[in-house]
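Source: prediction; values computed, not measured.
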Amino acid sequence: MVINGENPRVVTFYRRLPRMDYLRPVSLAEALDVLDEHRPARCLVYAGGTDVIPRLKARLINPPEVLVDLKGIRELDFISYDDHSGLRIGALATISSVVANESVRGKYPALFEGARSIASTHIQNRGTLIGNICNAVPSADSAPALLCLGAKVVCLRKQGERTVDLDQFLLGPNRTSLRPGELVKEIQMPPATAGTRGAYVKLSPRSRMDLAVVGVAAVVRKDNGAFGDIRIGLGAVAPTPMRSKKAEERLRGEVISEKGILEAAKLAAQESKPIDDHRASAVYRRTMVEVLVKRAIQWALSSGEP
C-alpha cells in the first residue's frame, strides 16, 4: 500500500513478560522443594506454556512472583498402560504424544478424539494434556472424555500426595482445587473394559482451530443389544465440563433404540447450563447439545470414531 508516494511502515508491538523470578527444576524432588520454599510467595507452575505465556504477556492473569517451568523434569514425561493399573499420563506428556499413543487410540477412543481436536499441530506439539485440564476452561476438549473415563488427578507436594476425581478438581472457569505448593503429577484412568467404545464430537467455527462452542463425549458398553453402561460428558455448556447423569440413567440397562437415544439427548440438553457469549447463545448451545449427544452416542455404538 502506498500513501503519498511512500510505503508506510507497519509497526507491531510485542508486549514483554512481566518481571518475575524464573526457576527450572531438573527433578521432581527439586520442583517440590522450590514450591515448598516459595509457598509464601505466589508461584505459577507451567509445562507447555501455550496458554500461560500468552496470557501473562497480555496481562490477562496477574503475574506470579515465581514462574516454575517443569520442562526439565523428564520423569514427568510418560504415557503408560497396563490391564491392572490402567492409563497414566504424566504432566509433561504432550497432546501430540497422547494422540499418537496406541493404547489411547485403541482403548480410549473418546480421549483420542478429544485430544486430537485441540488447536493446531504446533500447539499439540508443545502443549500438554494436563495443561489443558489445569487451565480449567469450560470448553477444554479433553475434559468431557476424561470425565466419562473416570479420570483422577494426582496432586503432589512435598508433604505428600493426594488423588482427586476430575469433577472435584475442576471448580469453575480457571479454578481448580490445587493447593499452595502443589503440582499435578499425572492423570490416571481405570483399565479399559472389553467392548467399551467411545467418541467425541466438537462444534466450532473452524474445527479444531477454535474453542468448542459445544463438545460432547460418549463412552458406551453394549450388553446383548442393550446399554450395559453409558457415560456422557458435556463441554462448554456449564461453568465446568460436566456429566449428563439424567441422560445416562435414561439409557443405562435399556435396549438400544433410536427413541431412547433421542429422549436421552433431550434430557442432556435440559441438564446443560449454557450461557450467552460472543461465540454462541445459550439457546443455540442447548439445541446443539441435543444434536451432538445423539451423534456421539451413534458414533460410539458404530465404531468409536466418526
Side-chain angles (χ1 to χ4, degrees), residues 44-56 60-61 69-71 76-79 87-101 104-105 108-155 164-178 182-189 198 200-204 206-217 233-243 279:
L44 179 61
V45 174
Y46 82 103
T50 55
D51 183 78
V52 166
I53 299 303
R55 286 169 64 83
L56 281 171
L60 295 176
I61 54 178
D69 184 351
L70 300 182
K71 286 192 291 294
L76 293 178
D77 188 3
F78 65 88
I79 303 174
L87 182 66
R88 299 172 56 227
I89 299 175
L92 282 182
T94 63
I95 297 162
S96 60
S97 68
V98 172
V99 173
N101 186 271
V104 173
R105 181 188 292 263
Y108 302 89
L111 177 57
F112 165 73
E113 291 291 343
R116 76 170 181 172
S117 299
I118 300 171
S120 66
T121 301
H122 302 81
I123 296 296
Q124 291 187 7
N125 287 340
R126 182 74 172 183
T128 64
L129 187 80
I130 287 180
N132 190 236
I133 292 302
C134 288
N135 285 338
V137 295
S139 58
D141 285 306
S142 63
L146 289 170
L147 286 171
C148 291
L149 294 167
K152 296 181 181 293
V153 182
V154 180
C155 305
V164 186
D165 290 340
L166 181 59
D167 61 349
Q168 299 299 312
F169 180 78
L170 300 171
L171 301 181
N174 305 119
R175 292 177 54 234
T176 72
S177 63
L178 268 180
E182 278 187 331
L183 58 81
V184 175
K185 175 187 173 186
E186 62 185 80
I187 288 180
Q188 301 174 345
M189 277 147 279
Y200 175 73
V201 188
K202 174 179 179 176
L203 173 67
S204 63
R206 297 180 299 165
S207 185
R208 66 178 186 160
M209 291 301 295
D210 289 315
L211 297 176
V213 175
V214 177
V216 175
L234 308 178
V237 293
T240 64
M242 59 176 284
R243 290 260 303 279
R279 293 187 293 125

For a quick test of your reading: what N or O donor-acceptor pairs under 3.5 Å do the side chains of residues 170-177 make, sequence neighbours left out?
{"from": "Asn174", "atom 1": "ND2", "to": "Asn135", "atom 2": "O", "distance (Å)": "3.2"}
{"from": "Arg175", "atom 1": "NH1", "to": "Leu171", "atom 2": "O", "distance (Å)": "3.3"}
{"from": "Thr176", "atom 1": "OG1", "to": "Leu178", "atom 2": "N", "distance (Å)": "3.3"}

Contact list for residues 128-150, test salt bridge (charged side-chain N to carboxylate O under 4.0 Å, His left out), sequence neighbours left out: Asp141-Lys202
With sequence neighbours excluded, residues passing salt bridge (Lys or Arg N to Asp or Glu O under 4.0 Å) with Asp69: Arg24, Lys71
Any residue meeting side-chain contact (heavy atoms from CB on, under 4.5 Å) with Ala47, in chain and number order, not counting sequence neighbours: Leu92, Thr128
4.5 Å side-chain heavy-atom contact, Lys152 and Leu166: no
Minimum heavy-atom distance Pro144-Gly235, with the two atoms named: CG-N, 3.8 Å
Side-chain touch Val137/Asp51, heavy atoms, less than 4.5 angstrom: no
Nearest non-hydrogen partners of Tyr200 and Gly215, listed with the distance: OH-CA, 3.5 Å
Separation of Asn101 CG from Ser96 OG (nearest 0.5 Å): 11.0 Å
Nearest atoms (heavy-atom pairs only) where Val99 meets Phe112: O-CE1, 3.3 Å
Nearest heavy-atom neighbours spanning Cys155 and Val164: SG-CG2, 4.2 Å
Side chain to side chain donor-acceptor pair (under 3.5 Å) partners for Arg126, two or more places apart: none
Backbone of Gln168 reached by a side-chain donor or acceptor of Asp165 within 3.5 Å: no
From Tyr46 atom OH to Leu70 atom CG, the distance as rounded to the nearest 0.5 Å: 9.0 Å
Results of side chain to side chain donor-acceptor pair (under 3.5 Å) for Ser97 - residues two or more places apart only: Thr94
Heavy-atom pair with the smallest gap, counting every atom of Pro239 and Pro138: O-CG, 3.3 Å
With sequence neighbours excluded, residues passing side-chain contact (heavy atoms from CB on, under 4.5 Å) with Ala236: Ser139
Non-neighbouring partners of Ser142 that pass side chain to side chain donor-acceptor pair (under 3.5 Å), sequence neighbours left out: Asn132
Point-to-point distance, once rounded to the nearest 0.5 Å, from SG of Cys134 to CG of Leu183: 9.0 Å
Partners meeting side-chain contact (heavy atoms from CB on, under 4.5 Å) with Ile61 (sequence neighbours left out): Leu44, Arg55, Leu56
Distance in Å, Ile130 CD1 paired with Lys185 NZ, rounded so as to fall on 0.5 Å steps: 10.5 Å
Heavy-atom side-chain proximity of Met189 to Ile89 below 4.5 angstrom: yes
Straight-line distance of Ile79 CD1 to Leu87 CG, nearest 0.5 Å: 7.5 Å
Distance (rounded to the nearest 0.5 Å) between Arg116 CZ and Ile95 CD1: 14.5 Å
Taking every non-hydrogen atom, the tightest pair across Ala93 and Asp77: CA-OD1, 3.7 Å
Sub-4.5 Å side-chain heavy-atom contact between Leu111 and Leu146: yes
Any residue meeting side chain to side chain donor-acceptor pair (under 3.5 Å) with Glu186, in chain and number order, not counting sequence neighbours: Arg88, Gln188
